Amino acid sequence: MSELTLGYFLRRLGMWLLTIWIGATLIFTIPRLAPGDPITAMVERMIQQAGYIENSADLIEAWRARFGLDGPWHVQYRNYLLSMVRVDLGYSLANFPARVTDIIGRSLPWTLGMVSIATILSFGAGNLIGALMAWRRVPAFIRNILPVSLTFTSIPFFMFGILLISFLAFKWKIFPAFGNYGRGVEPGWNLDFILSVLHHGLLPVLSIVVTSMGFWALGMRGMMVTTDGEDYMILANAKGLRSRRIFWFYGIRNSMLPQVTALALNLGAVAGGSLLVELIFGYPGLGYFLYQAIISADYTVIQGIVFMLIVGVATAVLILDLLYPMIDPRITYSKGQA
Amino acid sequence: MTAATTIDAMDTVMVDSGPSEQDAVLDIRNLQVFYATPSGDVRAVDNVSFKVQRGEIIGLVGESGCGKTTTAMAILRLVQPPGRIAGGEINLDSVNLADLEGDDLRETRWTKLSLIPQGAMNSLNPVMRISSQIKDTIRTHEGRISNRELKERILQLLQLVGLPSRVYDMYPHELSGGMKQRACIAMAIALDPVLVIADEPTSALDVVVQRVVGETLLDVKERLGVSMIVIGHDMGLMAQLVDRLAVMYAGRIVEFAPVESIFNEQLHPYTQLLIESIPSIKEKKPLKLTEGLTHDLRTHMQGCIFQLRCPHVMDICREENPPMRALRSRHETACHLYDDDGIRLH
């Protein structure tokens, strides 16, 4: 019997924490390996703008203390981990009084919404198309049309995004070229705002869905062909079950299992890919702000956003891990079985 | 080819003199199943005719590739392309299954005839509980039934095949091979069909479990009075289980007789070799059945299909296809070796 045991949950949670800790440590280490010092760089930039700043050396020292960059590395590391636990990601270096958590708080919902909707749509549509391509009871002309929907798979999604913008946004002006909602609408739970958000989000979502669903469709088609040859499919037919039930509960249900594994493995790539899409569509999510932070050497924001991405992907994998035994009873939650 | 078919058809009709004609549950006439290949049709089942009486168990034996399973799949209308039913009738309770299509066919399946599959190991959906797999069958054919009633019914079925009630909530991977096979038997009788086809029900099981499954089948037959077709190579199981035995060779039935009769006296040379090939623990004997070749099933053979391997082949065997004749009481054989009175010629 597959029941969620506390042991299984704790082990998965441990993996989740370990992933995040390793990620956090890498984020801490890598910028410190790079030459240069963000505070010095920033003050030098200010000097260039203002021409001259008095006591610039003192200023640099003061700011280093303010950002906790003056202690030895193990003290810095300890403080860093503590602040991560407290979800205190510090201040933005480029836009000083702004806190990193505020920037993330503003942009995270947009990324989360866009990426999860795009992933769900692409996963769902791709798998359905793949399954139908392999299902013999589907009329042949539909099965021949379906692969056409996958032609865009070979185009990189950022190229496809540029294509969408140039035609649908600039040439025909059907969709906005950038932003997350129109200027005139009041954010909140009103119809205008929701429609505006959908209108703005459609192109980025479309560019991800159209270019990535082929991956799922091809995998699903292969799985479905294999499943269709299984003995239980023959028995399901002999039982006189309705074709629709066999398709969903015997065919797709069994073919889905490796696809879900592939989804968990691909979440990192999906998250990474969405950053570029946000950039192309000027969509103010994590990716957009990450880019801004990189070009302005805003280390704290880079750290914060990358950390958020790691937490997000690790959490999604954790959720899939916990769900997996529910969709495949052969994987048991309890250790040592199966 | 058409001429040959007609002659065979006439012969079959003449010879068929089963005890109570009206009581035949299944009446197969001149069934032909062909598989299309680039170099012509393979005649996997060629002019097979037989009847199954109510409450009777028929055994279907023969070497691999002789068309046993194809015959069963044709009765279930589960022949997959490139195979097709090329001709003949499959009358089940006076309905010709070969003519059914779409929902008519779907509704007939399992309510009238069910299958105990060959690979019970993989025949259950791995992601559904045993109870759900029986439930969806009952619900599909009988519509809405209260959960309580359904559960009671399924528990009864499990009990009937000797499975403990905890199997109800289990998944296939939690059952042993024998338990899976019995779960399949429980599923097969869930809708009280008139005919159950068991396709090698005991292959891939160890001998003890084979015996248990055999006894379960016998028990089910005695309690429900269901007719069965049991396919297999296992002569021991056949002796234990079936009433009449049909021996198939190269897509045709060559001998058809009550099981005691066939174990006492094999008339067709192929059946003789087949029975002789059963290993004995008392003596070491050579395997004789390996001599010669099966003819190419893509060509229609002039004369007897067994002529290439037959130790007693005569000139007439190369000319004429021997018709099925009742040479003993209810003991039919297609062989030129006997005259019309059943006396062996040489």
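So that the names make sense, note that chain A is the first sequence line, chain B the second, and so on, each numbered from 1. Reckoned from all heavy atoms, side chains included, excluding hydrogens, waters and symmetry mates. Keep in mind that this is a model prediction, so the values were computed, not measured.
With sequence neighbours left out, A:Pro204 forms a side-chain contact (heavy atoms from CB on, under 4.5 Å) with A:Met114, A:Val277, A:Phe281, A:Tyr283. Checked against side chain to side chain donor-acceptor pair (under 3.5 Å), B:Thr202 has no partners two or more places apart in sequence or in another chain. Every side chain to side chain donor-acceptor pair (under 3.5 Å) that A:Thr261 has, sequence neighbours left out, goes to A:Tyr324.
Taking each heavy atom of A:Tyr232 and B:Pro126 in turn, the nearest pair found is CE2-CD, 3.4 Å. Residue A:Arg136 comes nearest to B:Pro81 through the heavy atom pair NH1-CD, 4.5 Å, listed as atom of the first residue, atom of the second, then distance. Looking at every heavy atom in both residues, A:Pro329 comes nearest to B:His173 through O-CE1, 3.3 Å.
Rounding to the nearest 0.5 Å places NE2 of B:His141 at 8.5 Å from CZ of A:Arg242. Of the inter-residue distances, the one linking A:Lys239 atom NZ with B:Gln133 atom CD reads 5.5 Å to the nearest 0.5 angstrom. Rounding to the nearest 0.5 Å places CG of B:Asn125 at 10.0 Å from CG of A:Leu235. Between the CD1 atom in A:Ile234 and the CD atom in B:Gln118 there is a gap of 9.0 Å [rounded to 0.5 Å].
Among residues 243-256 of chain A, the residues having any heavy atom closer than 4.5 Å to a heavy atom of chain B are, in sequence order, A:Arg245, A:Phe249, A:Tyr250, A:Arg253, A:Asn254.
No side-chain heavy atom of B:Val127 sits under 4.5 Å from any side-chain heavy atom of A:Ile327.
Using a 4.5 Å cut-off between heavy atoms, A:Leu257 touches chain B through its side chain atoms alone. With a threshold of 4.5 angstrom between heavy atoms, B:Leu78 approaches chain A through side-chain atoms but not through N, CA, C or O.
For B:Arg109, the CZ atom is densely surrounded, since the number of other residues' heavy atoms within 6.0 Å is greater than 12. Within 6.0 Å of the CZ atom in A:Phe152, the count of heavy atoms belonging to other residues, nucleotides or ligands does not exceed 12. In A:Arg137, the CZ atom is crowded: over 12 heavy atoms of neighbouring residues, nucleotides or ligands sit closer than 6.0 Å. Atom CD of B:Glu107 sits in a crowded spot, with more than 12 heavy atoms from other residues, nucleotides or ligands closer than 6.0 Å.
For the options B:Leu76, B:Asp136, B:Thr111, heavy-atom pairs under 4.5 Å to chain A are most numerous at B:Asp136. Among the candidates B:Ile197, B:Thr140, B:Leu113, the residue making the largest number of heavy-atom pairs closer than 4.5 Å to chain A is B:Thr140. With chain A as the partner, the residue from B:Leu105, B:Thr137, B:Thr108 showing the most heavy-atom pairs under 4.5 Å is B:Thr137.
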